[in-house]
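To start, the structure under review is shown below, and the notes come after it.
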Number of protein chains: 2
Amino acid sequence: MTPQERRRQLVGIGLRMFVERPVGDLSVDEVAAAAGVSRGLLFHYFPTKTDYHRAVVAAAGRRVRRNVAPDDGVVGEAAVRQVVERFLDQVERRREWYVALVRGRTELSRAAPDDPMETVTEFVADLACRELALPASARPAARGWVAYLEDRALQWSALPERERSAGRDDLVAHCVSALAVLTATDEIRGGVS
Amino acid sequence: MTPQERRRQLVGIGLRMFVERPVGDLSVDEVAAAAGVSRGLLFHYFPTKTDYHRAVVAAAGRRVRRNVAPDDGVVGEAAVRQVVERFLDQVERRREWYVALVRGRTELSRAAPDDPMETVTEFVADLACRELALPASARPAARGWVAYLEDRALQWSALPERERSAGRDDLVAHCVSALAVLTATDEIRGGVS
DNA sequence: ACCCTCTGTTGAGCAATGCTCAATAGCGTG
DNA sequence: CACGCTATTGAGCATTGCTCAACAGAGGGT
């Protein structure tokens, strides 16, 4: 088996086991056993367990990024709305998996130069800034908005099915508006004093 | 040494070591050594390492909650403003410590009925709802706002000192306004369409 | 056909760590 | 002084992250 295939296989196994327990608690033996290889081989591909951990979380991040990206050709506020919708879908349909991802990326936050956690946040914040033609000064607010969006999505996805589908459209509208409002520093400053 | 003192001592040690490495990576031996006791004793007080972990994070959460609580007698929007200010202070003055807390609480998020992470979030959200007399329907937005506030505080506290002190007042004003706007569902819906 | 190298792979083994348990020490009480 | 209670110990077990020297077998050059 070629190295690239092996890596994919191993990371793939991590992505699946991920849901059940945090990657940190996952033993190398288990992964190796699931792959039908020896412990040693895993260390051949990922010199450290943390490296493996990082690879798995990074792959998860890329997957989410793919899933929430808007269709080609959709631009402006419509793109933002689509991202919000897809983000809600993502969190709703695979809630535990997403929660596991949040945990995994947080565990890695220490000494992570290419912090894989940032993948999704950066992507969404960038997209929002671009599509709404926001000034550079609005970037922190846009990033904060992503945190807001994620929290709302996690709360919402924990609701019983009935309330969830009922409130979905309102939530989308609210979050889209929220981005505009939070990044419109002048308006918001005057709004409440 | 009385059991209560021992517990306090052990948790206190955890609170201090906490900054350097995640509680999860902290070995029982180290804690025991720092306390001048044997491994075994630690397991006498905290049957599982996770229990110890939880105790430390819970204590950290209580400490933050104390630090951000507004003064007695301060009510309404002033109370919210004070919480925001104190929250920024907290994150700024002990950034690594706060980051460690975020990590610690996330690590525990699995199967945590009395999730200590919630301590601070719940506290701030409750306070905001109460002081601004928000309806129950605004609760999710208030919780989301806490996530927004935390993210902004973490971004801001990473800035070089100059920009930090310059932007501080604006950030406080922005966050206080943001709470009002995010929870005023009608306004925000109409505001941007 | 033989050997040789290169690389994916193995498995034994080390050190650290979470955890258990029987035994001890020290103190207050009858 | 003896007794019991409880905080405390330290040896020991199983697991786990990680190292390393050795193996297998496919391809190529002679």
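In this text, all values refer to a predicted model and were calculated from it rather than measured experimentally. A note on names: the letters A, B, ... follow the listed sequences, proteins ahead of strands, and every chain is numbered from 1.
- Listed by first and then second residue, the side-chain hydrogen bond (donor to acceptor under 3.5 Å, both in side chains) pairs involving residues 38-48 of chain A are D29(A)-R39(A) (not counting sequence neighbours).
- A donor-acceptor pair shorter than 3.5 Å can be found between the side chains of Q9(A) and R6(A).
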message = Across nucleotides 5-19 of chain D, 5' to 3', mark each nucleotide with B, S or - according to how protein heavy atoms within less than 4.0 Å reach it.
response = --SBBB-B---SSBB
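- Annotation: R93(A), atom CZ; neighbour count of heavy atoms from other residues, nucleotides and ligands within 6.0 Å does not exceed 12.
- W97(A) and L159(A) fall within a single hydrophobic cluster, where Ile, Leu, Val, Met, Phe, Trp and Tyr side chains are chained together by heavy-atom contacts under 4.5 Å.
- Within 6.0 Å of CD on E163(B) lie more than 12 heavy atoms contributed by other residues, nucleotides or ligands.
- With D126(A) as the partner, the salt bridge (charged side-chain N to carboxylate O under 4.0 Å, His left out) test is satisfied by one option alone out of R143(A), R139(A), R65(A): R139(A).
- Note on ring orientation: taking the six-membered ring where Trp is involved, the planes of Y148(A) and H174(A) are tilted (angle from 30° to 60°).
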Provide a list of protein-nucleic acid N or O atom pairs under 3.5 angstrom, restricted to nucleotides 22-28 of chain D.
none

